[in-house]
Amino acid sequence: MAAEGNTSIQGYINHHLSDMTIGEGFMAVNVGALSVAIILGFVFVLSFMVVGRKATTGVPGKFQCFVEMIIEFIATSVKETFHVKNKLIAPIALTIFMWIFLMNLMKLVPVDWLPAVFGAVGLLINPEAIKYNVEGYSLLEKIMAHPWSYMTIAPTTDINITMGLALGVFFLIVGYSIAFKGIGGFIKELSFTPFNHWALIPFNLVLELVTLISKPVSLGLRLFGNLYAGEVIFILIALVGLYQLPLHFAWAVFHILVIVLQAFLFMMLTIVYLSMAAEDH
Amino acid sequence: MDINFTLIGQSIAFAFFVWFTMKFVWPPLNNAIEERQKKIADGLAASEQANQDLEVARAKADEELKAAKLQAAELIDQAKKRAAKLVEEETQRGHAEREKIIASGYAEVEAERTRVREELRKKVAFLAIAGAEKIIEREVDAQKQSDIVEKLVAEL
């Protein structure tokens, strides 16, 4: 949570970089990020499912065309990288790409819009929730002081979200390794590469475990770092007053690239990691 | 922003969405795409086949046309020859006819001429006799002098 007051620059930045939380300590949940992430996930799966239900093999509609373009793009990427036959890998890639893309897309919504809306709603419904003295504040400041205004709507700027995805990928890597090589094969691979000698097993084990763990960590941190940095720039741009309009526009245009690129990278690296897990070396 | 329970929640959501996609999203869409690909491939193959058929039919038609042209040329040739022959024959027949007609004309004219000459000769003989009668102022026995007249007439 932000420090008291939102009128200072530091307060403003803090306000935008923190999320509305429920609970304490590790059991806390970042409501904004997680709920938006889940909503977007449902937006993705339900819209695609509806298209799939109504999909015709004849002349497709425009949205079906768009969906099929994405599907084909994913299928090609998977086919080029993942050579073992597996019916889970393409849905994983599709989910990752579309979900991260949609979550990234939320960053293009101007940083103050939805916090202001949530804060106003919160002020109407539950005005007592403001935790410090707002005596003499303007209405806008009161809105922004309300805890509900801390709702973050760009989930991928939250490290929990990106690392949560990476954790999922980590389990998939382990799962694929075990499914394709067996537990014995997996342990053997961890123990006997890169140096195939029994005396070097502990060394190999340390090396391979670091490699294994660095994969999801780098995935999650790459996405988080890119998007968080972009968000910080958006917040800083929002601070400069009227001049923010051209700046914001330029940065948003640039971010369209980042959004797609980061979603694609996450997907591609996941496929690569999973194909490495599935194939023998 | 600290690591907290959101991470676990997100992982669970991730697992759920992957499962959901695998179960309800990917298969129908992929099936639709693959089916359409098959349809298009079939259509392309069919059109390719049709093209080949067309090519074959065209070649066949060309051949037929060529044969027909050849036959027609032969027929025309024959007809021309026949016509030439006919013309030749007719011309010859015409010539013959003409000759015949001319010859018969000549003969007729000749006969007429002979007849006229005969008549003329008779008339001249008569006139000569009449003249001689007048000259000698006496009746001459035409019958007796006819040999002289004959001679006279023959000299005409």
Side-chain angles (χ1 to χ4, degrees), chain A residues 17-19 21 23 25-31 33-34 37-38 41-42 44-46 48-49 51-60 64 67-68 70-72 74-75 87-88 90-92 94-96 98-99 152 155 157-172 228, chain B residues 1-70:
Chain A
L17 289 182
S18 43
D19 198 357
T21 54
F26 180 73
M27 288 315 283
V29 172
N30 296 343
V31 182
L34 191 58
I38 289 171
F42 274 111
F44 151 62
V45 290
L46 293 181
F48 271 49
M49 190 181 73
V51 171
R53 282 270 158 84
K54 294 196 294 188
T56 67
T57 54
V59 180
Q64 193 189 336
V67 168
E68 283 181 3
I70 296 172
I71 299 265
E72 289 242 28
I74 305 277
K87 70 178 173 57
L88 181 60
I92 291 171
L94 176 66
T95 311
I96 286 176
M98 278 313 291
W99 198 14
T152 297
T157 58
D158 186 336
I159 193 166
N160 287 298
I161 297 295
T162 63
M163 289 313 286
L165 284 170
L167 190 65
V169 172
F170 173 74
F171 284 126
L172 281 170
Y228 188 78
Chain B
M1 206 175 285
D2 310 316
I3 294 282
N4 58 25
F5 193 72
T6 315
L7 179 109
I8 311 295
Q10 176 72 2
S11 299
I12 294 165
F14 176 64
F16 169 75
F17 285 129
V18 167
W19 171 80
F20 195 93
T21 306
M22 187 183 71
K23 208 82 186 161
F24 302 110
V25 175
W26 186 267
L29 283 168
N30 206 37
N31 285 349
I33 291 172
E34 272 168 8
E35 221 159 286
R36 185 171 323 107
Q37 276 174 338
K38 200 172 155 293
K39 253 187 186 174
I40 292 171
D42 287 353
L44 285 178
S47 94
E48 183 72 18
Q49 184 63 39
N51 256 348
Q52 273 176 7
D53 286 356
L54 184 69
E55 206 58 40
V56 168
R58 203 170 270 163
K60 210 170 156 191
D62 270 358
E63 224 161 84
E64 297 271 305
L65 199 65
K66 221 178 263 174
K69 265 185 185 161
L70 218 67

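Naming: A, B, ... by sequence-line order, numbering from 1 per chain.
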J.: Looking at A:Ala37, A:Pro60, A:Ala166, which makes the most heavy-atom pairs under 4.5 Å with chain B?
T.: A:Pro60
J.: Answer with side chain, backbone, both or neither: which region of A:Leu88 has an atom nearer than 4.5 Å to a non-hydrogen atom of chain B?
T.: both
J.: In sequence, state the C-alpha distance, the side-chain angles, and the governing distance for A:Asn160 and B:Phe5, and then conclude on side chain to side chain contact (heavy atoms under 4.5 Å, CB included).
T.: CA-CA 8 Å; A:Asn160 287 298; B:Phe5 193 72; over 6 Å; no
J.: Find out whether A:Phe42 and A:Val45 are in side-chain contact, i.e. whether some heavy atom of one side chain is under 4.5 Å from a heavy atom of the other.
T.: yes
J.: Does anything in residues 53-65 of chain B form a salt bridge (charged side-chain N to carboxylate O under 4.0 Å, His left out)? List the pairs, not counting sequence neighbours.
T.: none
J.: Residues two or more places apart in sequence or in another chain: which of them pass salt bridge (charged side-chain N to carboxylate O under 4.0 Å, His left out) with B:Lys38?
T.: B:Asp42
J.: Which residues pass the side-chain hydrogen bond (donor to acceptor under 3.5 Å, both in side chains) test with A:Lys54, sequence neighbours left out?
T.: none
J.: Out of A:Ala90, A:Gly168, A:Ala33, A:Ala75, return the one with the most heavy atom pairs under 4.5 angstrom to chain B.
T.: A:Ala90
J.: Less than 4.5 Å apart, side chain to side chain, heavy atoms only: is that true for A:Val29 and B:Asn4?
T.: no
J.: Can you find a pair of side-chain heavy atoms, one from A:Leu165 and one from A:Trp99, that are under 4.5 Å apart?
T.: yes
J.: Given a strict heavy-atom distance threshold of 4.5 Å, which part of A:Val31 is in contact with chain B: side chain, backbone, both, or neither?
T.: neither
J.: Against chain A, label B:Ile40 side chain, backbone, both or neither, depending on which of its atoms sit under 4.5 Å from a heavy atom there.
T.: neither
J.: Check whether A:Thr21 reaches the backbone of A:Ala28 with its side chain - one donor and one acceptor, N or O, closer than 3.5 Å.
T.: no
J.: Write out, in numerical order, the residues from residues 10-36 of chain B with a heavy atom short of 4.5 Å from a heavy atom in chain A.
T.: B:Gln10, B:Ser11, B:Ala13, B:Phe14, B:Phe16, B:Phe17, B:Val18, B:Phe20, B:Thr21, B:Met22, B:Phe24, B:Val25, B:Trp26, B:Pro28, B:Leu29, B:Asn30, B:Ala32, B:Ile33, B:Glu35, B:Arg36
